[in-house]
> 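Sharing a structure here in structure tokens format.
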Amino acid sequence: MIVLRYLSLILWVAAPAAALGIYAGWGVPHVIFQYTYRDNGHPHDLTVPRHYLTCTFVGPYGAITVAAERAKCGWVRFFKDSADQ
């Protein structure tokens, strides 16, 4: 019974420690808000491949625009505060 009590204490400490580790290592999540792309002349045709140029993400640090990686934009990206870098 004492083992379960210590195990629950470790689990309550492990969750905030993991969140702090994610924040320190990768930053905080930002969600895709806007993007620009090259559409090959068919902007509304979803069957035409799009080559993304820029991706704008919004989150706790505001709107951050970055160049697309390998002509793609992800749904979520982690950013660190510019003062931390």
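Just so it is clear, the structure is predicted and the values come from calculations on it, not from any experiment. No hydrogens, no waters, no symmetry mates; every other heavy atom, side chains included, goes into these values.
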> Listed by chain and number, what are the side chain to side chain contact (heavy atoms under 4.5 Å, CB included) partners of Ile22, not counting sequence neighbours?
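Partners of Ile22 under the side chain to side chain contact (heavy atoms under 4.5 Å, CB included) test: Trp26, Phe78.
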> When rounded to the nearest 0.5 angstrom, what distance separates CZ in Arg77 from OG1 in Thr56?
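These two atoms lie 11.5 Å from each other.
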> Is Lys80 reaching over with its side chain to a backbone N or O of Ala24, donor-acceptor style, under 3.5 angstrom?
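Answer holds: yes.
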> As an exercise, state the distance from CZ of Arg38 to CG of Leu53, rounded to the nearest 0.5 Å.
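Those atoms lie 6.5 Å apart.
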> Please list all pairs passing the disulfide bond (SG atoms under 2.5 Å apart) test where one or both residues lie in residues 4-41, with sequence neighbours left out.
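Matches after skipping sequence neighbours: none remain.
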> Is it possible for you to say whether Val28 and Phe79 belong to one hydrophobic cluster, with membership spreading through side-chain heavy-atom contacts below 4.5 Å?
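In one cluster: yes.
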> Does Ile64 reach the side chain of Val66, with side-chain heavy atoms less than 4.5 Å apart?
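Ile64 vs Val66: side chains touch.
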> Do the side chains of Ile32 and Val76 join up, straight or via other hydrophobic residues, at under 4.5 Å, putting them in one cluster?
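Same cluster: Ile32 reaches Val76 through Ile, Leu, Val, Met, Phe, Trp or Tyr contacts under 4.5 Å.
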> Would a single hydrophobic cluster contain both Trp75 and Tyr61, if residues Ile, Leu, Val, Met, Phe, Trp and Tyr are joined by side-chain heavy-atom contacts under 4.5 Å?
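Yes, same cluster.
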> How far does CZ of Phe33 sit from CZ of Phe57, to the nearest 0.5 angstrom?
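Reported to 0.5 Å precision, the distance equals 12.5 Å.
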> Counting the benzene-type ring for Trp, do Tyr52 and Tyr35 have ring centres under 6.0 Å apart?
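Under 6.0 Å, so yes.
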> Between the side chain of Tyr37 and the main-chain N/O of Pro43, is any donor-acceptor distance below 3.5 Å?
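Pair found, side chain donor or acceptor close to backbone of Pro43.
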> With a 4.5 Å limit on heavy-atom distance, are the side chains of Glu69 and Cys55 in contact?
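When only atoms from C-beta onward are counted, Cys55 and Glu69 do not touch, as no gap falls below 4.5 Å.
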> Give, for atom NE2 of His42 and atom OG1 of Thr47, the distance between the pair rounded to the nearest 0.5 Å.
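It is 8.5 Å, given to the nearest 0.5 Å.
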> Any chance the side chains of Thr54 and Thr36 put a donor and an acceptor closer than 3.5 Å?
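Yes, a side-chain donor-acceptor pair sits under 3.5 Å.
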